[in-house]
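Quick note: numbers below take in every heavy atom, side chains included, and nothing from hydrogens, waters or symmetry partners.
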Amino acid sequence: MKQDYRLAKGGRIDRARPLSVTFNGRRLFGFAGDTLASLLLANGQHLVGRSFKYHRPRGVLSHGSDEPNALLAVDRGPGRIDPNNRASMVEARDGLVARSQNHWPSLDFDVGAVNDALAPLFPAGFYYKTFMWPRAFWDRLYEPAIRAAAGLGEAPSSPDPDRYAHRHAHCDVLIVGGGPAGLAAALAASATDKSVILADEGAELGGALLHESSATIDGAPAAQWLAETVKTLIGRANLTLLPRTTAFGYYNHNHVALIERLADHLAAPPPDLARERLWQVRAREVVLATGAHERPLIFADNDRPGIMLAESVRAFINRYAVAPGRRIVFATSGASAYSAAADAKAAGVDVALVDIRREEACRADAAALRAMGCEVLTGHTIIGSTGRKRVSGLIVAPIDGQAKVGARRTLDCDCVGLSGGWTPAVHLFSQSRGALRFEPAIDGFVPDRAAQAVRSAGASGGTYPLSACLTEGFAAGAAAAGAPAARSFAASATRVGFQPARALPTSRDAKRVKAFVDFQNDVTAKDVKLAVNEGFESIEHVKRYTTTGMATDQGKTSNMNALALAADALGKPIPQVGTTTFRPPYTPVSFAAIVGPSRGSLFDPVRKTPIYDWAAERGAKFENVSLWRRAWYFPKPGEDMHAAVARECKAARGAVGLFDGSTLGKIEVVGPDAAEFMNRMYINSWTKLEPGRCRYGVMLKEDGYILDDGVVARLAPDRFHVTTTTGGAARVLNHMEDYLQTEWPHLDVFLTSITEQWAVIAVQGPKARETIAPLVAGVDLSNEAFPHMSVRACRILGAPCRLFRVSFTGEVGYEINVPSDFGRAVWEAVYERGQAFGITPYGTEAMHVLRAERGFIIVGQETDGTMTPDDVGLAGMIAKAKPDFVGKRSLARPDLVAPGRKQLVGLLTEDPNLVLDEGAQIVENPAMPIPMRMIGHVTSSYWSANCGRSIALAMIADGRNLMGRTLHATVAAGFASVKVSAPVFVDPKGERVHG
Amino acid sequence: MLLIDCPYCGPRPEVEFRCGGEAHIARPAQPADMDDKAWAEFLFIRSNPKGVHAERWIHQHGCQRWFNALRDTYTDAFIETYEMGTKPSRLPDGRTTR
Amino acid sequence: MAELAGSASAARRQPALAAPPVLWAGVAIQVLPDEARFSLRLPKAAAATAAEVAGFSLAVPVNRYAKNDQRWSARLGPNEWLLGGPEGDGGAIAAEIEAALAGQIHGVTDISHRQVAFDVAGAEAANILNAGCPLDLSLVGFPGGSATRSILGKAEIVLMRPASAPVFRVECWRSFAEYVHAFLAEAARDCPARE
Amino acid sequence: MRRFSFAALLAEAANAHQGWGRQWRNPEPKRSYDIVVVGAGGHGLATAYYLASVHGITNVAVLEKGWLGGGNTGRNTTIIRSNYLYDESAGIYEHAVKLWEGLSQELNYNVMFSQRGVMMLAHNQHDVQSLKRHIYANRLNGVDNEWLTPEQAKDFCPPLNISPDLRYPVIGAALQRRGGVARHDAVAWGYARAADARGVDIIQNCEVTGLRRGPNGAISGVETTRGFIGARRVGVVAAGHTSVIMSMADVRMPIESYPLQALVSEPVKPVFPCVVMSNAVHAYISQSDKGELVIGAGTDQYTSYSQQGGLHITTHTLDAILELFPQFSRMRMLRNWGGIVDVTPDRSPIIGKTPIEGLYVNCGWGTGGFKATPGSGHVFAHTLATGEPHKINAPFTLDRFYTGRLIDEAAAAAVAH
Ligand SMILES: Cc1cc2nc3c(=O)[nH]c(=O)nc-3n(C[C@H](O)[C@H](O)[C@H](O)COP(=O)(O)OP(=O)(O)OC[C@H]3O[C@@H](n4cnc5c(N)ncnc54)[C@H](O)[C@@H]3O)c2cc1C
Ligand SMILES: NC(=O)c1ccc[n+]([C@@H]2O[C@H](COP(=O)([O-])OP(=O)(O)OC[C@H]3O[C@@H](n4cnc5c(N)ncnc54)[C@H](O)[C@@H]3O)[C@@H](O)[C@H]2O)c1
Ligand SMILES: Cc1cc2nc3c(=O)[nH]c(=O)nc-3n(C[C@H](O)[C@H](O)[C@H](O)COP(=O)(O)O)c2cc1C
Ligand SMILES: [Zn+2]
């Protein structure tokens, strides 16, 4: 239970709730309220990982989400392992298992560390300059080696048992950040009647106040103010508080994405609790109060475990009651580190401070700290550090006015707190496409012109004094809520101000030392310089060449340093160099949270017809057709697909087959101008179609190519029942609505999808009439009274049906359209009736074969979006007299009338047992050299039991002139000879359909 | 995700809408009279401006009405939405609607 | 045999989805019984002045819902209404509408079997719906008497809130019912008090 | 040009890397050039390189409004393949793949072309038909592409989920083994360095704001933010901005510019050996040399020059990825960005003359032109140098939209990355 570095008192941890975690197999102890980072530090574990490229030992740098180094795999049980968790953001809980990454064989002894020694060979972009010879080595040797070296943790390998939730929300004011500025904004905004959401990525609200032990607000200690404020806010019904929630993306029109972490911090999350919840908030106004990130200082070996940010040292001490060292040296170029140093000293730690600035710039702060008994060196630079797996000393030296470096001295220490100034967290503001402005006074970019309804407050806007953060936050919250109000907060003074520090002056050869800028991607100051020397002048080039800012922290602590270094190297002012682009997400977000419920069975709706269950009960095999799941074939015991389909096909021609056509798209077209509208939409003419009759219609896109087809019934002068292909249902309705509303709004026509109103039961075959006759009331089914291509209203089993005499098989056929809820009952009744005739249910495969035997096309199979009616042999359907219809003009375009277009033909293989692949290509001469001239391709190909041989349809250049010719189709190996035939294989005269 | 002000339903999220491309390209009254070039332009040629763009939207999962919008294609900000068959209150920069 | 064919009682409606209610502390999701439903369309000009037809109020603004006795209407667009009434009244409703609008241009289409309806009720109802519906479902954004087409996850729905009570009616096409129901049931798992 | 090699690297290591010169100059624009290329993306830079290296024309400037390679070249998912359906497409993409195969050596710049194989999944009968149609056509065009069973697909890509219980089970796949990925930035930089070394001026931060024409109507140069630059021939290779530039000469284009998004995950150790694409569920994925999963999304539905799109597009992409690779559910998205893609009605590029004498265009690569970079630059250089198309780009005229002779890869396959 020993925690060597735990302070005896203080902090926000709950000492009454001890817990233990496992790190690399070792059990470590801590308390509720710890993060993995604070717990590791409490146990003296500074070394927590190896760096990306050089495998250098690395420790915790930060206490927040900007952590670049301390990335751990967290194992939450089977299926619940994930890599690259920032230790500072993982809340400790009992039983948590964590492992360090990117080392072999162990964290302490890592073979990869030879890279550190070989580092001179691996400057930025080295891989572009080598590994090119011999060529073959790239695939076999170099690339695999590069890949094996890259990457951080291990990707999860088993399915994730957790659930992830989604929530859309709207509010008047969204506040991001719950530090003093955000809390003050919330106080103001929630005092109105507006709806307010406040999100903070931390486990507790408070931001910097959570580790602010000395400040006062309105006379009370900051912690007390915080507690009272949070209490007030919890009481506000119009305010939703979301801790553990990161705003990660700011999209168009104030659409902000938040990720709420619900379960990972719980030792035993309830089974229904989602692990994470994605919030998509549409906010009228947004207040960004996201704080600022501290910058490390850049000097040789500034990356040793134990070297961290000064404010983080302060947070570990004040918030977590962990002293990250027994002797801490602060190295700073600004004022805020003095507060950290003072707090450390007050906590009983041995403290020294080195300030880059000259004594005059920091006299008061230095004096105060000295008064506490600390050594303070001003006007010093940092030359380097000592130690390897943990810092053991900081090498410092005085600098004079001419930046001349004096004699070195090593300050012993086991922890270093760095402060190179602050960078406002403008990520979300910039994502919202707001413009930034460089503010020399704080050496940082701050929000300038907003592009959306957004405002920034507090440190994220470049305001650092606490009282100003509060006042500004309040004003922003009030203004965002449309109730401008001011309130000033009297807070104790904050130590602010810093001198911009770049690579620190050194007496060593700067070209040879490793002074890290981007810790995670191992980018050093000299890499940035090298990039500039090589002509990579744009900061975007520098980023991509060196990879600075491209790691999982996206350069939160490093981008400002990198760009300042680049600016120096270029000799340009910072504003001219500019920033790289801020992109979502602010911090990495799990794929699953973004996907939310749309996984597994909810990935896509599975549409089923009213007959589906019947088919499933009979062991049907199904296939996916758009969102539908359709019965594919109905195997009997022992039958394979081939046998089942052959049997189904024979039954449909020999007796009677039963087919579920419910997925066909159906549209009711109603209104006095319905026929005129149909005339314009289809290539056919509809004027003369009598009510009670049907016609096969073809519809084009405006470019002249076939869009869809289907049988259309005229129910009444002003009412059509249009059918479409299964996949085309929505497309056709959309196409019709578009023309109706935008081109011909004066036509009085109304379109309604009735696809799902009607189940469609196709009864096909010579015995079809006898099968349904007993069931149909109100219709004379005789050929004379009800010929092919007719429609009648009738009742079946009492249900009002629309009975079509149509056929997609070439046999006598009926399609019963029955209101869906009666579908199964009618289907069963038909099936029952048909038993006497050997009725056979058939699936989509037999349907395809049967129609191919008759040469009926399927849109999407014979056609691919480049076929005209003439190409597929349907030119005759074009109503010659119509002056116009959609697509007509395009049919006259030069290339659509040019000779040599592909035309629909039949193909018969020389070997009748050979079934070609659909998609096989056709050539005239298989002996041609490659590239060969292809003259067409097979669109449909089946074994036809009715023909006793294989049959195929194909689109072949000038095909109608090639009847009888022998051509060659590709098969798995080589070619097969085929003979061109008419695209009809059964009943060439089309007589059977008339019964 | 855009927020689109349907003239009939008010501001709604983009996922309820379908975009129909450039607006005010009326289908010629007599296509047959057009030469190949003019017809091809009608079919394929688009302004595609960087800046204010007149475009068509349908509130597909809402009122299912088509309407027009002016949107700045650089900022993605909507300037105006207006009913089919009407003209915007101001025209896109320097361009006349056809 | 003709009697069998014509007899009104020979087949009973078999609903698209038979699912037991989903019950959580904050929400109850139930499949609603069958009803008769029609899509009514009027030309733009007539739509603007339409008052009442066959007991259905048409004189409501777009995206509003009205109920008279057993018959309800939801105005989904400037010239489109979704009409609903008791299951047995389908024939009567159609006839009454045709009678009332005789001589006027209109379109009525029976979609009784196209739709499936759910009731989503309870304090958490709006939150559950917001798992997949991107609209503002607060009383301000979607007050009592609201009705609109929208989406839920990957399905299109019609969403109605007859009154200010947190009781929503969700309609979808029948083949999406299984998905919509499963989606809502999954979302409802967010209900138990957290922590 | 300082030659890059392991030996040079060793020498420089000893020299603290002080001796590497600039990879390209930063010249002031001259008053005029023989040829001005507008747009320093991969295609524009490759064009300049081949003008110099193949045609010996070195009095060439490439004008770039931002930083070279900062357009779609710098933001694409780097999938390279040539298994397109139509002869014309197979011709140009295969020409490119052949050039890719020797590109690192030719440019003396390691563009990390990795022929890890591109596998396209079939999820329904229609996919099977379509992929087989491609495979057969490719075979006869001399392009490698083969059919795999689900088990073979899984062998090739072990993370693939081939369970029959998926919403859209994998029922087969087409594999182009010679397909793969390359390091996108290196392609731009390699061409820039090689073109620069041959005398081409690459002028960044120089936006073309106007196209000037002489009294005879022919092009005489370009107005830019850095002044007028004369040229006898101007080649516009500006991807998403093509319409904007062409409209400066009143040439209206059959192009719309859409946002196209992509994303990367946090880097992880190698888990994904190849490229997988699925048109039916709309996903494509590979793993980069640095370890991130690189995932491409679809376009937003509206035109935009904002280089960003909506979150719902990303959502849709990731749900498809998790459907195929559920084990990646806890992987995290690290960065999500967008580009501006220039889409033609038939999804095939336009490479050649325009109605204006001296003005040439190379555009319309839409969502899939990275793979074509070397081939496109090579044939466009020919066109610019000779005034006539190379036989490979001859079919890709602007004129085809007037005659109807489209090369409709869009109809042939839903997606063309
Ligand atoms: C997210 C995404 C994923 C993609 N994935 C793939 C893929 O996997 N495989 C594939 O093959 N393709 C892919 N593509 C497509 C591919 O990126 C492009 O087709 C290709 O990079 C285009 O190259 P380019 O050189 O023509 O254009 P760009 O690289 O865009 O270059 C055009 C240049 O012109 C410049 N410019 C524009 N206007 C002006 C002006 N007025 N003056 C001066 N300069 C100007 C631009 O700044 C730009 O640098 C993808 C695209 C995106 C956006
Ligand atoms: N002395 C100095 O130089 C100096 C410099 C900077 C800040 N400060 C101090 O820091 C405090 C600044 O107050 P503040 O309120 O502006 O910032 P803060 O740092 O106190 O609070 C910011 C909050 O925003 C949260 N946050 C950041 N990004 C987020 C995101 N994307 N989503 C959700 N939450 C996010 C953080 O968790 C944090 O709680 C003051 O006390 C100020 O004095 C001092
Ligand atoms: C193949 C590829 C891999 C990338 N890998 C990373 C990465 O590892 N880290 C990162 O931050 N960005 C990565 N990016 C994205 C770039 O940072 C950047 O977002 C992209 O080039 C678009 O530029 P922009 O965001 O500056 O507009 C990658 C981009 C591509 C095309
Ligand atoms: Zn609407």
Once rounded to the nearest 0.5 Å, what's the spacing between atom NE2 of A:His166 and atom CZ of C:Phe183?
8.0 Å
Between the side chain of A:Arg163 and the main-chain N/O of C:Glu186, is any donor-acceptor distance below 3.5 Å?
yes
Looking at C:Gln115, C:Lys44, C:His106, which one has more heavy-atom pairs under 4.5 Å with chain A than the rest?
C:His106
Go through the atoms of C:Ile128 and report whether side chain, backbone, both or neither lie under 4.5 Å from a heavy atom of chain A.
neither
Between chain C and each of A:Arg607, A:Gln757, A:Glu828, A:Arg824, count heavy-atom pairs under 4.5 Å; write down the option with the most.
A:Gln757
Please classify the contact of A:Pro800 with chain C as side chain, backbone, both or neither, using a heavy-atom distance under 4.5 Å.
neither
Note: A:Phe750 and C:Pro43 closest approach over all heavy atoms is CZ-N, 3.7 Å
Rounded to the nearest 0.5 Å, what's the gap from OG on C:Ser175 to CD on A:Glu756? Could you check?
3.0 Å
A:Val606 portion near chain C, given a 4.5 angstrom heavy-atom threshold:
backbone
So what's closer than 4.5 Å to chain C heavy atoms on A:Glu668: side chain, backbone, both or neither?
side chain
Counting heavy atoms not belonging to C:Arg64, are there more than 12 under 6.0 Å from its CZ?
yes
For each of A:Val749, A:Asp604, A:Asp718, A:Ile754, tally heavy-atom pairs with chain C at distances under 4.5 Å, and name the one with the top tally.
A:Asp604
For C:Glu52, does the CD atom have more than 12 heavy-atom neighbours from other residues, nucleotides or ligands under 6.0 Å away?
yes
C:Asp136 and side chain to side chain contact (heavy atoms under 4.5 Å, CB included): which partner among A:His170, A:Arg282, A:His168?
A:His170
If you tally heavy-atom pairs under 4.5 Å between each of C:Ala155, C:Ala131, C:Pro15 and chain A, the highest tally belongs to C:Ala131
Sort A:Leu751 into side chain, backbone, both or neither according to what part of it lies under 4.5 angstrom from a heavy atom of chain C.
backbone
Over all atoms of both residues, closest heavy-atom pair of C:Gly107 and A:Val670
CA-CG1, 4.1 Å
Roughly how far, to the nearest 0.5 Å, is OG of A:Ser598 from NZ of C:Lys154?
4.5 Å
Name the member of C:Cys133, C:Gly91, C:Ala177, C:Ser138 that forms the most heavy-atom pairs with chain A at distances under 4.5 Å.
C:Cys133
With a 6.0 Å cut-off on ring centres, are A:Phe822 and C:His113 close enough?
yes
Looking at OG1 of A:Thr752 and CZ of C:Arg41, how far apart are the two atoms once the value is rounded to the nearest 0.5 Å?
6.0 Å
Specify which of C:Val140, C:Val180, C:Val108 makes the most heavy-atom pairs with chain A at under 4.5 Å.
C:Val108
Can you tell which part of A:Pro672 gets under 4.5 Å to a heavy atom of chain C, answering side chain, backbone, both or neither?
side chain
In Å, rounded to the nearest 0.5 Å, how long is the span from CG of A:Leu273 to CG of C:Asp190?
8.0 Å
Can you say whether C:Glu178 sits under 4.5 Å from chain A via the side chain, the backbone, both, or neither, judging by heavy atoms?
side chain
Bottom line for C:Asp110: the part with an atom under 4.5 Å from chain A's heavy atoms is both
Is A:Phe603 in contact with chain C via its backbone, its side chain, both, or neither, using a 4.5 Å heavy-atom distance?
both
Contact part of C:Leu42 toward chain A, heavy-atom cut-off under 4.5 Å: side chain, backbone, both or neither?
backbone
Indicate the atoms forming the closest heavy-atom contact of A:Leu602 with C:Tyr179, along with that distance.
O-CE1, 3.7 Å
Chain C heavy atoms under 4.5 Å from A:Ser753: which part of the residue, side chain, backbone, both or neither?
both
Side-chain contact test, heavy atoms from C-beta onward, threshold under 4.5 Å: evaluate it for A:Thr609 versus C:Arg174 and give yes or no.
no
Does any backbone or side-chain atom of A:Trp758 lie under 4.5 Å from a heavy atom of chain C? Answer side chain, backbone, both or neither.
neither
